[in-house]
Amino acid sequence: MPDPAFTPPSAALVPPDEAPARKAGRPRRLTTSQVIQAAIAVGLEDLTMAKVAERLGVRVAVLYNYVKNREELVSLAARHAMAGQSFPEDEGQDWRAYARAYARAAYGLFRSDAQLLPLLISGKISPAAKLDNVERWLEVMTARGFTAERALWLLHAIDAIVMGSAVLASHAAAYADDYPAAVQDSIDARPRAELPLLNAHAGQVTACADPANWEAAIGMLLETAGK
């Protein structure tokens, strides 16, 4: 079994048409990291060993020298993607600025091509994938005067908003090109007397429904957490 140690996330995949020449019948040499990054590039939700093999320019059988099966590959790739989350650097910034940067990085991860969100919802990503990030969060927040308990609950609330916003963004993109307009059309389709408050505050309703405005909820959370 090859060494399973990861290479840095930036390690480039060798496109099939640029693979070095090799003798006939000899499998191309890979690293586990290359296989994992190919899986992430293909997308984890609909991943098949055949797709990964095609991207790497090898036979499917070659992949089983590096992982036991599809399930192990998905697990390793998900953990690798989450570990590679662009966590903000601790530069002594205000805790709110750090928390916002964390939220943006997490949102970008869940909206990335790796398709982690469906796997998370379906229970196919182990809690172990996030432990290093939680440890780092605690280091930063306790250094800024938070108790561990308060820091963990704040992280929990941020993650809930981020994941909920990512789900809404996926739903909105699939439902309509202009989701806020679709929400407004739904309101307009009902008699005004049935929805007097929604009609009175329609602008705010559609603004909240716009996936692009997801950070507003983070702002409200951080404002409250600071009191």
Nearest non-hydrogen partners of [X] and [Y], listed with the distance:
{"X": "Leu168", "Y": "Ala209", "value": "CD2-O, 4.1 Å"}
{"X": "Ala77", "Y": "Ile40", "value": "O-CD1, 3.6 Å"}
{"X": "Ala41", "Y": "Arg55", "value": "CB-NE, 3.3 Å"}
{"X": "Arg190", "Y": "Leu195", "value": "CB-CD1, 3.6 Å"}
{"X": "Ala38", "Y": "Val52", "value": "CB-CG1, 4.0 Å"}
{"X": "Ile36", "Y": "Leu76", "value": "CD1-CB, 4.0 Å"}

Would you please test Leu155 and Tyr102 for side chain to side chain contact (heavy atoms under 4.5 Å, CB included) and show each step? CA-CA 9 Å; Leu155 178 60; Tyr102 166 85; 3.3 Å; yes

Going by heavy atoms in the side chains, are [X] and [Y] under 4.5 Å from each other?
{"X": "Gln37", "Y": "His80", "answer": "yes"}
{"X": "Thr142", "Y": "Trp137", "answer": "no"}
{"X": "Leu30", "Y": "Tyr66", "answer": "yes"}
{"X": "Arg104", "Y": "Ile218", "answer": "no"}
{"X": "Tyr179", "Y": "Thr206", "answer": "no"}
{"X": "Val167", "Y": "Phe110", "answer": "no"}
{"X": "Leu154", "Y": "Leu222", "answer": "yes"}
{"X": "Met141", "Y": "Tyr98", "answer": "yes"}

Can you get from [X] to [Y] by hopping between Ile, Leu, Val, Met, Phe, Trp and Tyr side chains that sit under 4.5 Å apart?
{"X": "Tyr64", "Y": "Leu56", "value": "yes"}
{"X": "Tyr175", "Y": "Trp214", "value": "no"}
{"X": "Val67", "Y": "Val60", "value": "yes"}
{"X": "Ile121", "Y": "Ile161", "value": "yes"}

Closer than 4.0 angstrom, basic N to acidic O: yes or no for Asp46 and Lys51? no

When you look at [atom1] of [X], are more than 12 heavy atoms from neighbouring residues, nucleotides or ligands closer to it than 6.0 Å?
{"X": "Glu89", "atom1": "CD", "value": "no"}
{"X": "Gln204", "atom1": "CD", "value": "yes"}
{"X": "His171", "atom1": "NE2", "value": "yes"}
{"X": "Arg144", "atom1": "CZ", "value": "yes"}

Criterion side chain to side chain contact (heavy atoms under 4.5 Å, CB included) on Thr147 and Leu152, from CA distance to verdict: CA-CA 9 Å; Thr147 63; Leu152 287 169; over 6 Å; no

Should Ser170 and Arg111 be marked as a side chain to side chain contact (heavy atoms under 4.5 Å, CB included) after you check the CA-CA gap, both sets of side-chain angles, and the distance that decides it? CA-CA 8 Å; Ser170 296; Arg111 293 289 294 152; 2.8 Å; yes

Evaluate the side chain to side chain contact (heavy atoms under 4.5 Å, CB included) criterion for residues Asp159 and His156: first the C-alpha distance (whole Å), next the side-chain angles of each, then the deciding distance (0.1 Å), finally the verdict. CA-CA 5 Å; Asp159 282 344; His156 177 77; 5.9 Å; no

Could you tell me whether a side-chain N or O of [X] sits under 3.5 Å from a main-chain N or O of [Y], the two making a donor and an acceptor?
{"X": "Arg70", "Y": "Leu47", "result": "yes"}
{"X": "Glu223", "Y": "Gly219", "result": "no"}
{"X": "Asn213", "Y": "Ala207", "result": "yes"}

Atom [atom1] of [X] and atom [atom2] of [Y]: how far apart are they, to the nearest 0.5 Å?
{"X": "Gln34", "Y": "Arg29", "atom1": "CD", "atom2": "CZ", "value": "11.0 Å"}
{"X": "Thr32", "Y": "Leu63", "atom1": "OG1", "atom2": "CG", "value": "10.5 Å"}
{"X": "Leu117", "Y": "Leu44", "atom1": "CG", "atom2": "CG", "value": "12.0 Å"}

Keeping to residues at least two apart or across chains, list the ring-ring contact (aromatic ring centres under 6.0 Å, His included) pairs with something in residues 38-59. none

Tell me whether the NZ or CZ atom of Arg150 lies within the 45° cone about the ring axis of Phe146 and under 6.0 Å from its centre. yes

